[in-house]
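Ligands are counted one by one from 1 in listed order, and the atoms in each one are counted from 1 as well.
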Amino acid sequence: MHNTYEILEGMHYIGASNRIEPRFENMFPLTHGIAYNSYLVLDEKTIILDTVDSSISQVYLENIDYVLNGRNLDYLVINHMEPDHCANIENIVRKYPDVTIVGNAKTFKFLEQFYPLLKNYNQLVVKENDVLNTGKHEFKFLMAPMVHWPEVMFTYEMTTKTLFSSDAFGSFGSLDGNIFKDQIEFNENEFRRYYANIIGRFGVNVSAMLKKINNLEINMIAALHGPIYRKKEDIEFVMNKYSLWSSYIPENQGVVIAYASMYGNTAETCNKLATHLAKLGVNHIQIFDVSNTDASYIIEKVFKYSHLVLGCVNYNTKLYFPMVNLLEELSQLNVQNRKISFISNATWGGVALAQAKEIILKNKNMEEVGLPIEIKSSLEDHQLDELAALAEAIKTSL
Ligand code: FEO
């Protein structure tokens, strides 16, 4: 059964939410679901902005039928060729064979890779600043390479000043009837978790994109995930967050402690450090066990806070695998400008500390704070002073 929402006269939300799918990209837990957004504009010509994930194809195709109400579909714009948005292109072409697919040169390269049968199918290849007129509406195309993938572009509808921003400004979390940010209890953590894990690596490209759209008058941002932003303050809010995050500057002073601990001794040491910090007046301390917390949640906090303490345990002489995973992800996401401290634990042998440093300190402007606490199986009394000194060093560097 169709389920649509007219967001502006003639402009319809035709996406849907998925609360069953356990993981996004088969990797990131979807604790609060996910929305796959798509938009259909009725004008002298009809036009769809991106399709949706295959998991919601049925309602999506019914939505298109319902909004078109017997009309044909003239254009399908592909702002992003990743399957969570392009999975219904073939379905649309089958139902509306006269449709023209609109994309840039890279879009069509990827289209052919995913859907060889669509090679050279009714194409309109656009480039920077090209405009497509559908009657009352004018859609301008702005390239936004690597604001997730190389082919990504934004579409700016000039009469309503609506920016269709692809993945940018998107968020994890379903849409539950209300689809505008000003109507919901906006989950900033999920907004940040989406940015940090999906787009975080591409700060340079996000900065370039922000420069490009800074001169646009924007009344509404319609991303491919998460709520639509239509209030001036909400548009400013998400633009400001992206500006900060793309520069890798921490939002807040605070200490994220992430530890690996098989038998509780490294955890106990980290807990003790946290208490020291709290007694020194440090606020915003958060502790995570890397074995029990998906890395994406820890990464979200690392993007937010200034300091990171790593409790690194040895395993088979090397760094414990879930900690390797966290650090490699942080490294790949280009996390920069953070202050890092280390606690390591080995009962016998091992290179966990050196390995952790090698992975994480090579990123830009990563500063080691204090001396590492190297424990052998469990923290010994004579190391309490070292722990206190590490807490002092962290406090001083805040
Ligand atoms: Fe929502 Fe890059 O796909």
Quiz prompt | Centroid-centroid distance, H12 to Y39, less than 6.0 Å | solution =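 No.
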Self-check item: Shortest-distance N/O/S atom, E82 versus atom 2 (Fe) of ligand 1
Solution: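 Atom name returned: OE1.
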Exercise. Specify which N/O/S atom of H148 comes nearest to atom 2 (Fe) of ligand 1, by atom name.
Key: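 It is ND1 of H148.
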Quiz prompt | Short N/O/S contact of H85 with atom 2 (Fe) of ligand 1 (below 2.8 Å) | solution =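 No N, O or S atom of H85 is closer than 2.8 Å to atom 2 (Fe) of ligand 1, so no.
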Quiz item: With under 30° as parallel and over 60° as perpendicular, where do the rings of F139 and F164 fit, or are they tilted in between?
Solution: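 Taking F164 first and then F139, their aromatic rings sit tilted (interplane angle of 30° to 60°).
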Practice problem: To the nearest 0.5 angstrom, please state how far the CD1 atom of I34 sits from the OG atom of S17. | Solution: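 The OG atom of S17 is 8.0 Å from CD1 of I34, to the nearest 0.5 Å.
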Exercise. Please find the N/O/S atom of D167 nearest to atom 1 (Fe) of ligand 1 and write down its name.
Key: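 Result: OD1.
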Exercise. Measure from atom 1 (Fe) of ligand 1 to every N/O/S atom of D84 and report the name of the nearest one.
Key: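 Result for D84 and atom 1 (Fe) of ligand 1: OD2.
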Quiz prompt | H80 backbone or side-chain N/O/S under 2.8 Å from atom 1 (Fe) of ligand 1 | solution =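 Within the cut-off used here (under 2.8 Å), H80 places no N, O or S atom near atom 1 (Fe) of ligand 1.
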Quiz item: Taking atom NZ of K95 as the centre, does the number of heavy atoms from other residues, nucleotides or ligands within less than 6.0 Å exceed 12?
Solution: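 Yes, the 6.0 Å shell around NZ holds more than 12 heavy atoms from other groups.
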Self-check item: Nearest heavy-atom neighbours spanning K395 and L277
Solution: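 The answer is N-CD2, 4.5 Å.
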